[in-house]
Amino acid sequence: MARLTRAQQQERTRAAVLVAARQEFAEYGYAEAKIDRMAERAELTRGAVYSNFTGKRALYLAVLADAAEQAWVSAQPPVESPDSTGRALGAFARVWLERLPLTGDTPGSGHLQLRALSGVLDSEPSRAALAELFRFEALLLALALEPHTAVRRSTIRLAELALTLLNGAAGLAENAPGISDPFDLARAAEHLADIVLLDDGEPAHLPFVAPARPVEDPWVTPCGLRDEITGSRVDLGDDGVVVVLGVGRLSAAEEAVSAARLRDAVTFVVVTSDPAEIGRLARLRIVDLVGSLRRVFAAGELPRPRIVFDDGGAVPAALGRKPADDLTEVAIRVRDGLIVARAEGRGAGHAVATHTTRERRRQCDGASPQRPADEV
């Protein structure tokens with residue numbers, strides 16, 4: 001038998017630890033689970049567990065993220081999407097609510113199925129990350145509800161309401177499984193579409209965001225990147241907008257999407273300084289939500305932006321910005337293999353998404369395509 005390489009041995013060890021951790025969490029729940037018992041289940045040393053995972057929280061998030069990945073892989077998009085916003089919300093709710101624990105489930109197994117995070121996120125950075133992720137999830141749901149038009153703020157608020165309903169039901173089901181009727185909840189989600197919500201305008205800081213800087217820089221794109229919505233390989237050299245966002249700035253994605261033209265290819269690259277925990281939390285939440293969307297909406301009507309996880313920070317490094325952290329916000333516009341505009345800091349995605357619009361308006365007015373002095 002051929003000897004395993006170091007990488008193969010490490011992957012085998014990691015897989016064994018995940019299986020043991022899943023069994024431990026299902027039996028004892030997160031609070032009572034023990035690393036020593038996981039090592040014993042996997043027939044490994046405690047040190048072998050810690051060489052692959054930083055601790056119990058990282059292990060729990062990895063187990064949940066693995067379950068979300070499996071659900072994503074098994075999701076089969078329908079031939080046609082629901083024919084109304086209400087029916088789409090109802091169908092999405094029914095899929096999402098399949099994870100609710102049943103009366104006979106043990107607390108541990110029920111929490112795993114639910115992807116429960118109660119008692120897990122006990123630090124301020126992780127709670128802040130969850131809030132940003134919630135807003136990003138709402139944006140993705142809204143983009144699926146309005147696949148061929150510019151997404152409206154009222155639709156994003158509607159998506160936030162639907163996700164609040166579902167997450168609230170999940171919180172109740174953690175402590176009292178079976179108390180909520182999933183069919184009633186799905187009907188409630190469907191009727192949310194009848195609520196009149198007003199667009200509340202753009203964020204107050206956007207008029208003060210500095211314009212993107214026009215450049216002509218070569219762009220050597222990192223390889224091996226994957227779109228988490230379609231599963232396809234991503235080439236960041238395609239014409240369009242690339243926005244690198246730390247997990248703590250994911251809410252800024254709405255600004256970039258709202259400003260981009262419909263034909264713009266928009267890619268969000270998600271980075272973090274803590275891939276072991278915050279990175280796994282982001283992967284869990286985003287992949288889990290996309291897995292539900294894939295079962296409700298036809299492939300051509302899934303959210304337009306591409307989503308890339310870049311735990312190693314390869315993309316910001318290629319852009320000359322490293323190390324990446326949870327508050328990173330860097331954006332570029334790519335055209336014909338070159339970076340033609342750059343921006344960094346709060347509002348960077350919006351600045352780059354609107355860059356060509358400004359340039360076209362100046363040309364139509366007969367002005368020079370160079371930026372006027374008051375935009376420098």
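All values below come from the heavy atoms of this structure, side chains included, with hydrogens, waters and symmetry mates left out.
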Neighbour count >12 (heavy atoms, 6.0 Å) for atom CD, Q9: yes

R46, CZ atom: more than 12 neighbouring heavy atoms under 6.0 Å: yes

Basic-acidic side-chain contact under 4.0 Å: R283, E69: yes

E228 side-chain N/O to I286 backbone N/O, donor-acceptor pair under 3.5 Å: no

More than 12 heavy atoms from other groups under 6.0 Å of CG on L172: yes

Remaining members of the apolar cluster that contains L327, side-chain heavy atoms under 4.5 Å: none

More than 12 heavy atoms from other groups under 6.0 Å of CD on E32: no

Lys/Arg-Asp/Glu bridge criterion (N-O < 4.0 Å) met for R115, D288: yes

Neighbour count >12 (heavy atoms, 6.0 Å) for atom CD, E124: yes

E255 side chain near H205 side chain, heavy-atom distance below 4.5 Å: yes

Residue pair R226, S232: steps toward the side chain to side chain donor-acceptor pair (under 3.5 Å) verdict: CA-CA 6 Å; R226 185 187 79 167; S232 303; over 6 Å; no

Atom CD of Q10 with >12 non-hydrogen neighbours under 6.0 angstrom: no

Donor-acceptor pair between T328 and R321 side chains, under 3.5 angstrom: yes

Carboxylate-amine/guanidinium proximity below 4.0 Å for K34 and E24: no

R127/D122 salt bridge by N-O under 4.0 Å criterion: no

